[in-house]
Q: 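First, the structure itself, so that you have it in front of you.
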There are 2 protein chains.
Amino acid sequence: MLKDMRLEQLNILVPEMKSFLSLRYRVLRNLYYFQPVGRRLLARYLSETERVLRKELDLLKKQGLVKVSRGGMELTPEGMNIVLNMRPYLHKLLGLTDLEEKLKGLLQVKEVIVVSGDMEVEQAVRYEVGRAGAQALCQSLRDNVVIAFSGGTTCAAVAEMMPFISEYKGLKVVPARGGLGEEIHYQANSIAARVAEKLHCSYRLLHLPDSLAEETLQALLQDPKIVEVLEVINSAQILVHGIGTAREMALRRGAGGEEIKNLLEKGAVGEIFGVFFNCEGEVVGQVPSLGLYLENLNTTLKNIIVVAGGKRKAEAIAAILRNHPRDLLVTDEGAAREIIRLCGGERDKEAHSCKY
Amino acid sequence: MLKDMRLEQLNILVPEMKSFLSLRYRVLRNLYYFQPVGRRLLARYLSETERVLRKELDLLKKQGLVKVSRGGMELTPEGMNIVLNMRPYLHKLLGLTDLEEKLKGLLQVKEVIVVSGDMEVEQAVRYEVGRAGAQALCQSLRDNVVIAFSGGTTCAAVAEMMPFISEYKGLKVVPARGGLGEEIHYQANSIAARVAEKLHCSYRLLHLPDSLAEETLQALLQDPKIVEVLEVINSAQILVHGIGTAREMALRRGAGGEEIKNLLEKGAVGEIFGVFFNCEGEVVGQVPSLGLYLENLNTTLKNIIVVAGGKRKAEAIAAILRNHPRDLLVTDEGAAREIIRLCGGERDKEAHSCKY
DNA sequence: AAAAAGCAGGACAAAAAAAGTCCCGTCCTG
DNA sequence: CAGGACGGGACTTTTTTTGTCCTGCTTTTT
């Protein structure tokens, strides 16, 4: 409490510190994920120009946090130490804790975790969101739990950042929905398999053709194997899902031009595993598929974790989470600030001008 | 401990913070002492150019710490709050605690307090040293204690910053030495009187002519009144004294050109109440006067507080305190860094380039 | 073994920020 | 009512930052 006041005073007296700090931490963070790496490539990762990055790197080298090696630049042990230990400190210093509180007030979520940066600007942020999501997931694991995963790059990041664990018995991982025409690596099936690998547990997959007509669907429901998998899916107690913007998802999931238009005209802004919502949180469309029943989100599921970030997704996140209760939202600063701007109406005076 | 590490990491990651922070705090601090005051005058107090000060003031205004009023600029309540509450925080942040530890190792002092800034550059620093000294003095007060004060601007600052107290009984304040030819306001006699006023206690003064021949001295020692005062002085348990550079003191105390040369040839670098020391801490000269016997510094005196600052005094402080034990040294950053540079031999890599 | 790609760091002009300097109209004080 | 100190505007000069391209080196790929 007292410490917070001091940090706040520091922020008042040296307001430029936030930009410096977040830029430099971003550099270190990217170095952490991609080392060894060169200046140019790093600049791309960070969406910064080569020159400003160079200045920062010179300073970080001078401070002994970064060293050059054959393949490019790397963190020194001190640099590594800072990346790993400073996170919670930055969290308060950059005002992320405040953002979390505001989001809790605006959305129907019990807990919120905001990661600094914007995954649209900086890839590493997706990893950080994934890391935070993975950590949260680990904490809610118990014996004999069924975990459902949706698809998407952010969920894939969660899977990737999961540690290897063999602490629990009887875990089972399943995809939340069948094939939805995404790239193989980001499909719910692949992700479920990857998570199961990390948890050393079993998994069930739901292999469906990409686009399903209504009649095919009915036919598939006759298949006892599929029905069995569906039963497992719908007995899940934990669900981890991402959120997509209606436009991008409709495109990616191969809906024809006509269909997209239709969806958007109905006011679709957000999507989760093939179901489209308008800004009131009402279902306005659905990709024909099989998997989790929406009703179960409020009944059998005990723990729903949402992972989604990036400024562009703010509207979608807000639309869905304002109307549908969730247990945890893991997002990034870009999305968080935009959500607050959209919902709050109150302008975010504190938003610092730097590019996260 | 953990918090310190975080601060250190912050310092590593944003090294320019120190300059920003100390400059801005200096501005606020001067505003605190001199408000309401204009930009030009303030620039003089801070030894900064008008333009840089203006930039800082604009920022501080934007941050709501400073407001303009008829007579110039003033602190807002928030600004006041920061000046008063941030001191201990800055202390760690600017590395003053480290300086204190180093000085303890280099000098024969039990405790050291280093105030940020340099009193040669910024007058307010003298007040801050005075404030710290006054606070320390207050803490060592007990009933029936005799306090001896030397002269000098810094001791005067201690007197000025003393709070009004009537908590103790039987206090008595005396000058450490008789008139040594300083300006009235900074004479030991005036200071003693002022302190007594603050402590609501009695005082005894030692009014002597400015320059004394040896024979006059002997004559004065026959005067029972003077002898009585001397006895009180030499029963003091607490002594607060400043330190002067040999050159300046010799000049100020009206020693003739020849005499000065003589003193300096003997290697005199420092002075305390009329006694000159070389860099080994040996007495090499003395202005004829009456007052505290040097031997008492090690016997009857329980608590000797030294207040002195400014880069130029570093040599004098080091010369005396390396060889004569003291209980507390209150100094400023300018002197502290210079002392470490002089004594340590090890270069002070950490010294930031800003003008304190 | 040759070629391609990625690397750090040098160089330099353009742009932006900071700093130095002078000025003006105003408000208070003596 | 005159003088001085006030904040703030304006302008030039200086310094710093930024964008961009190049060079020679090392590593990886072919």
Side-chain angles (χ1 to χ4, degrees), chain A residues 13-24 26-28 30-76 79 121 123 352-356, chain B residues 13-24 26-28 30-76 79 121 123 352-356:
Chain A
L13 218 43
V14 192
E16 47 272 75
M17 189 181 56
K18 273 189 183 179
S19 332
F20 283 122
L21 201 53
S22 74
L23 175 55
R24 283 166 201 171
R26 289 203 308 135
V27 174
L28 293 180
N30 276 268
L31 234 23
Y32 172 76
Y33 283 115
F34 303 114
Q35 71 181 339
V37 69
R39 200 206 312 143
R40 274 162 251 264
L41 200 46
L42 202 53
R44 262 217 298 286
Y45 293 156
L46 284 159
S47 303
E48 296 286 342
T49 66
E50 197 186 317
R51 202 61 182 74
V52 322
L53 184 56
R54 196 155 153 187
K55 202 186 53 160
E56 298 307 325
L57 282 170
D58 283 346
L59 185 132
L60 293 172
K61 270 186 264 181
K62 203 183 98 191
Q63 299 293 79
L65 305 180
V66 170
K67 66 169 185 286
V68 303
S69 66
R70 20 193 188 293
M73 284 174 291
E74 292 180 21
L75 294 179
T76 62
V121 176
Q123 340 184 5
H352 50 296
S353 52
C354 71
K355 271 202 273 177
Y356 305 106
Chain B
L13 219 43
V14 193
E16 48 271 78
M17 189 180 57
K18 272 190 183 177
S19 333
F20 282 123
L21 201 53
S22 75
L23 175 54
R24 283 169 201 168
R26 289 203 307 135
V27 175
L28 294 180
N30 276 268
L31 233 24
Y32 171 78
Y33 283 115
F34 302 115
Q35 70 179 336
V37 69
R39 198 204 317 141
R40 275 160 249 265
L41 200 48
L42 202 53
R44 263 216 297 287
Y45 292 155
L46 284 159
S47 303
E48 295 287 342
T49 66
E50 200 187 316
R51 202 63 182 76
V52 322
L53 184 57
R54 197 155 152 187
K55 203 186 51 156
E56 298 306 326
L57 282 169
D58 284 344
L59 184 131
L60 293 172
K61 270 185 262 179
K62 204 183 95 190
Q63 300 291 80
L65 305 180
V66 170
K67 66 170 185 284
V68 304
S69 66
R70 318 153 262 310
M73 284 173 289
E74 292 180 20
L75 295 178
T76 62
V121 175
Q123 336 185 8
H352 49 297
S353 52
C354 70
K355 271 201 274 177
Y356 305 108

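The model shown is predicted, which means the values in this text are computed figures rather than measured ones. So you know, we letter chains A, B, ... as the sequences are listed, proteins then strands, and number each from 1. Values reported hereafter were calculated over all heavy atoms of this structure, with side chains retained and with hydrogens, waters and symmetry mates removed.
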Q: Ignoring hydrogens and angles, answer whether the base of dG9(D) and the side-chain atoms of Arg54(B) contain a donor-acceptor pair closer than 3.5 Å.
A: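 Indeed there is one.
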Q: Within the structure provided, determine whether Val66(A) and Val27(A) are in side-chain contact (heavy-atom separation under 4.5 Å).
A: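 They are not in contact (no side-chain heavy atoms under 4.5 Å apart), so the answer is no.
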Q: Starting at the 5' end of DNA chain D and moving along, which residue's nearest nucleotide shows up first, Glu50(A) or Gly71(A)?
A: Glu50(A)
Q: Report yes or no: is there a donor-acceptor pair, N or O only, under 3.5 Å between the side chain of Arg40(B) and the base of dG7(D)?
A: yes
Q: For Leu59(B) and dA17(C), give me the distance from atom CG to atom P, rounded to whole Å.
A: 15 Å
Q: Whole Å only: how far is the CG atom of Leu41(A) from the C1' atom of dT27(D)?
A: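 My rounded result for the distance is 15 Å.
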Q: Ignoring hydrogens and angles, answer whether the base of dG6(C) and the side-chain atoms of Arg70(A) contain a donor-acceptor pair closer than 3.5 Å.
A: no
Q: Within the 4.5 Å heavy-atom criterion, are Leu23(A) and Arg26(A) side-chain neighbours or not?
A: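 Sidechains of Arg26(A) and Leu23(A): in contact.
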Q: What's the CG-P distance between Leu53(A) and dA8(C), to the nearest Å?
A: 9 Å
Q: Can you tell me how far C1' of dA18(C) sits from CD of Glu16(A), to the nearest Å?
A: 13 Å
Q: At under 4.0 Å between heavy atoms, what does Lys61(A) touch on the DNA or RNA strands: base, sugar-phosphate, or nothing?
A: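 Counting heavy atoms under 4.0 Å across all strands, the contact made by Lys61(A) is with sugar-phosphate only.
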Q: Look at Thr49(B) and dG20(C) and indicate whether a side-chain polar atom (N or O) is within less than 4.0 Å of OP1 or OP2.
A: yes
Q: Rounded to whole angstrom units, what separation is found between the CE atom of Met73(A) and the P atom of dA8(C)?
A: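 Distance check: Met73(A) CE to dA8(C) P gives 4 Å.
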Q: Which listed nucleotide (dG9(D), dA11(C), dA8(C)) is nearest to the side chain of Val68(A)?
A: dA8(C)
Q: Starting at atom CZ of Phe34(B), determine the distance to atom P of dC6(D), rounded to an integer number of angstrom.
A: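 It is 13 Å, rounded to the nearest whole Å.
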Q: Working to the nearest 0.5 angstrom, can you tell me the gap between Arg44(A) CZ and Leu46(A) CG?
A: 11.5 Å
Q: Report yes if some heavy atom in the side chain of Glu74(A) is under 4.5 Å from a heavy atom in the side chain of Thr76(A); otherwise report no.
A: no
Q: Please give, in whole Å, the distance from dT17(D) P to Leu57(A) CG?
A: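 In whole Å, dT17(D) P lies 15 Å from Leu57(A) CG.
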Q: Would Leu31(A) and Leu60(A) count as a side-chain contact (heavy atoms from CB on, under 4.5 Å) here? Give the steps.
A: CA-CA 11 Å; Leu31(A) 234 23; Leu60(A) 293 172; 5.6 Å; no
Q: When you get a sec, tell me which of dC6(D), dT17(D), dG19(D) is the closest nucleotide to the side chain of Lys55(A)?
A: dT17(D)
Q: Atom CD of Glu74(A) to atom P of dT27(D): distance rounded to whole Å?
A: 12 Å
Q: Categorize Arg51(A) for me: base, sugar-phosphate, or nothing, with a 4.0 angstrom heavy-atom threshold over every strand shown.
A: base
